[in-house]
Amino acid sequence: MDTYLQNLNEAQRTAVRTTEGPVLVLAGAGSGKTRALTCRIAYLIREKGVKPWNILAITFTNKAAREMRSRVDALVEYGADAVWISTFHAACARILRRHAESIGYSSSFTIYDTDDQKTLMKQVIKPLNLDPKDYREKAVLAEISAAKNALIGPEQYKKEHDDDYRGRKIASLYAEYQRQLQQNNAMDFDDLLCNTVELFTKDPFALEEYQDRFRYILVDEYQDTNAAQFRITSLLAAGHRNLCVVGDDDQSIYKFRGADIRNILDFEKEYPDATVIRMEQNYRSTGSILEAANYVIANNKGRKGKRLWTENDQGEKVEFHRLDTEYDEAEWIVSRILRGKETTSYGNCAVLYRSNAQSRILEEKCIQFNVPYRLVGGVNFYQRKEIKDMICYLKTIQNGQDDVAVQRILNVPRRGIGQVTMERVAMYAASHSISFFEALEQVKLIPGMERSGKKIQEFTDLIHELRQLAGTFSIQALLEEILKRTKYEEELQKEGAVEAQSRMENIGELISKAAGFEEEDAEEEPLGRFLEEIALVADVDETDDDGERVTLMTLHASKGLEFPHVYISGMEDGLFPSRMTLQTGDPGELEEERRLCYVGMTRARERLFLTAAGSRWLHGEKQYYPVSRFVREIPADLLKTDRNSTPERSGYGTGSLPGRTTGMAGSRAAGGSGRAGMASFGSQTGSFLFRTGKEFTRQDPGKLDYRAGDRVRHVKFGDGTVVKLEEGKSDTEVTVLFDKAGEKKLLAGFAKLVRI
DNA sequence: GAACCCATCATTTTT
DNA sequence: TGATGGGTTC
C-alpha cells in the first residue's frame, strides 16, 4: 500500500477506500477532511485505475478548489488536471456554455453579479409604478433568489403566491426579470444552478452525457448545499451512484443563503444504502478549546450528534474578558496580541467578529498600536467602479445583447449622452424587440436623436472597431486599446490626481490579471472565459498571505481556516447571537448562530480568547448587551476570566432583550465528569488595562525622525513619501503621498510612521 | 450635469 | 454612527 494511505487514521482510510456507492462522511472541524478527500481522488486514479476525467469534485469556494487541485497534483503524477475540481457555479457555467442553445441562450452568455442584478431589477420595477418602499430591488431580488435556490420557477411562484397582493406583484417581477435576463443573454448566479437543472430536465441526452462521464462524484461542504445544488448532485449521481459527500452539520452557517441542512441530515433517507463514516478525531485544537466548543454546540438539537476528541495537549484554558466599551475591547485584543508577540507572530493571530461593522474599531486600534493587519472581506476588487467599467466594455464587445453592460458604459467616459437620450433609445429598442445596442446602431431611424445621434454613432463605431480587434488582440492589448481610445484616464484625472492614480493602478492590476490568465489558459474563446472567471471568482487572490499580519474577518469568512491564536470579539447577546436572531425567537436561527460560534471557536489551534464589551455604540445608540449566552454555555471551570468578566455577573440590570437567559444554559454536553457551578472570581489574568495616553498622543515635530521628502512606511497604507509636516490642533499633521494608497493626511502620534 | 441636503436604514455572503 | 441614495437646486 502506498505511503499516503498510512498517514491516515481508520476513519479517513475508510473514506478513501469506500469508493463504490453512496458515502456520507461526517467530518468534524479539524478532522483532516481535505486530506481524506484528496487522498480519495488520488486513490481512485492510482489504485482503482479510474480515469481522471471520470471524476468530479465540487467545492464551495474557488480557493478550496485551488487548494484541492494542488494537493491532488502532488499525489498523482500525471493526468490530475483532467479531474473536474471546481465550484458548483463554475461547473454549471462550463456545462451551460456547451448546451446554452438547449435552454434558449447563446453560449456567449454573460454572468451578472449583484450590482448588475440590481440595475436590471430597477429597470424591471420602474415601469410598474409600485411604491419603491415596498418593492426595493434588494428585497425583491432576495425573494427571487430564495425561490430560485429552492427551485421554484416564476410560474410555480405565481401559483404559490396567488392569494396575496405582494406575492402576485413579486411573481410578475420575477417573470419579467427572467425574461429580461434571457433577452440580455445573461444569467445571475442562481440561474447558473437553476438553468443547469432545467437543461438536465429538458435535454436528457445532455444529462446522460454527464452522468456517464462523472462516474465518481465528491461534494465538499455538503451541509451548505441548497435545493438546486442537491438536485444537480442527485441528477448527476443517478448514473453510477458513486457519490461521496463530505460535511459537518455542526458547521452549517449559510441558511440565509439558501443552504438546507436537511440535505446532509437526510442523506441516509435519500440513499438508504449509504456508508456513513464519522471523522471525529481532531488534529487541530488543544483539548481545552475542543472541550469548550463541544459544550457550546451540545446545546443544539437536531444534529447528527458527534463528539470531537483529540490526542493533543489540554493546553491553556479558553479566556473570556469583558471590557467596558467596544474601544476598550478592541484595545485589549490588540494589546494582547502585542503582548503575545514573543510566543507567536502576527500572522498566527486572527480576530473574528459577527458583523463587518465591528472591524473599524479593530482597524483603528491596530493602526494606533502599530500592529500590521489584513482585513478580509470588504469591497470586492471586481466591484470597483473602474474595474466594472472596463469589464462592461469587454462584455459589450463579447455580447452586445447585454443591455446592462452597454447602458453602463454608453456615457462612461462622458460623451454627453444623457438620461433622456438613453430612455428614448431604450423605448425604441423595446418597441422593436431589439437589444439596446442594436437600437443604438439604428440611431438614425429614431426620431428626436439629431443632436445625440453623432455621439452615439461614435460610440457604436468604437465598439465595432474594438470587436474587430478582439479577434486578434490579446485581452491585455484589448484593455489597453479601450483605455487609449476612450481616453478613460483623462476622465479619471478630472476627479483628482490621487484618486485617478489608485484607480489606474487597479486597472493595471486587471490588465496583469488578464495577461496572466491568457498565459496559462490558451484555449479558444479567451475573452469569454476570462469574463467568466472574473464573474465567478470573488476576489483577486485573496491569499496574499504575505508578511506577518493579523487577520481581521467575520466569523463566516473564517470557515475552513485555522490560526494558532483566535480572538472572537463582541460576545454579547444582541450582537452574537445577533439581535435579529433573538427577536425572531426562532430556535432554528439561534442554532445557526450557535454553529457559527462553534465554527469560530474551532478555528483556534492553541489559544482562544473571547471578549465582550459592557456597552457599545450601535446605529447611533448606546447598547448595553449582556454577555453572550454562548459564553455562558461554556462551563465556568473551562474558562479563565478576571473578576470583572465572569459571565454570570455581567449583564444584569442592563439591556432588555427578548428571551434573554440568565445564568448558565441548562443542557450540558455528554461526557466529562459532572461539572458544576461557576468558578469563583480569582483566576487572575493579569493586567488588562493599558495605557492609552502618553505614548500615542502628541508628537513634537522636532522629535519626529522624518521630514518632508523622506520615505516612510505605514502599517496599512504601505510605503510613501512625506509631502509636508504641519502643526495641527492636537498633534503634528503629516501629509504623505503613499505609493499605493494615494495622498493621506495623518496625525503623527497616531500614524506611527517609520522612516525607511 | 454636478453639488448638496436630507432621509433612511442598517447580520452573515460565495458564487 | 455612518454609508448610501433620491431629490432638489444651481
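First the proteins, then the strands, lettered A, B, ... as listed; each starts at 1.
- Legend: residues meeting ring pair (Phe, Tyr, Trp, His ring centres under 6.0 Å) with A/Phe563, ordered by chain and number and at least two apart, are absent.
- Following rounding to the nearest Å, A/Gln117 (CD) and B/dT14 (P) show an atom-to-atom distance of 14 Å.
- Nucleotide B/dT15 holds its P atom 18 Å from the NZ atom of A/Lys148, rounded to whole Å.
- One finds a salt bridge joining A/Glu67 and A/Arg71 here, because a Lys/Arg side-chain nitrogen approaches an Asp/Glu carboxylate oxygen to under 4.0 Å.
- In this structure, a donor-acceptor pair under 3.5 Å is present between the side chains of A/Tyr373 and A/Glu363.
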Distances under 3.5 Å between nitrogen or oxygen atoms of protein and nucleotides 1-6 of chain B:
unit_1: B/dA2; atom_1: OP1; unit_2: A/Arg414; atom_2: NE; d: 3.2
unit_1: B/dA2; atom_1: OP1; unit_2: A/Arg414; atom_2: NH1; d: 2.1
unit_1: B/dA2; atom_1: OP1; unit_2: A/Arg414; atom_2: NH2; d: 3.3

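- A/Tyr254 pairs by the ring pair (Phe, Tyr, Trp, His ring centres under 6.0 Å) definition with A/Phe256, A/His556, not counting sequence neighbours.
- Put simply, chain A comes within 4.0 Å of DNA chain C, heavy atom to any atom, from C/dT1 to C/dG6, going 5' to 3'.
- Judged by distance alone, the side chains of A/Tyr112 and A/Asn184 do bring a donor and an acceptor atom under 3.5 Å apart.
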Atom pairs under 3.5 Å: protein N/O with N/O of nucleotides 8-13 of chain B:
unit_1: B/dC9; atom_1: OP1; unit_2: A/Arg136; atom_2: NH2; d: 3.2
unit_1: B/dT12; atom_1: OP1; unit_2: A/Asn356; atom_2: N; d: 2.9
unit_1: B/dT12; atom_1: O4'; unit_2: A/Arg354; atom_2: NH2; d: 2.9
unit_1: B/dT12; atom_1: N1; unit_2: A/Arg354; atom_2: NH2; d: 3.4
unit_1: B/dT12; atom_1: O2; unit_2: A/Arg354; atom_2: NH2; d: 2.4
unit_1: B/dT13; atom_1: OP1; unit_2: A/Thr554; atom_2: OG1; d: 2.5
unit_1: B/dT13; atom_1: OP2; unit_2: A/Asn356; atom_2: ND2; d: 3.0

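- Residues A/Glu509 and A/Arg384 are not paired through a salt bridge, judged by the lack of any N-O separation under 4.0 Å between the basic side chain and the carboxylate.
- A salt bridge links A/Lys388 with A/Asp116; the closest basic N to acidic carboxylate O contact falls under 4.0 Å.
- With respect to the salt-bridge test (charged N to carboxylate O, under 4.0 angstrom), the residues A/Arg257 and A/Asp224 do not qualify.
- Taking the side-chain contact (heavy atoms from CB on, under 4.5 Å) definition, one finds that A/Glu143 meets it with A/Tyr157, A/Arg166, A/Ile170, sequence neighbours left out.
- Between A/Arg595 and A/Glu592, at least one side-chain nitrogen of the basic residue sits less than 4.0 Å from a carboxylate oxygen of the acidic one, meeting the salt-bridge criterion.
- Taking the P atom of each, B/dT13 and C/dT4 are spaced 16 Å apart, rounded to whole Å.
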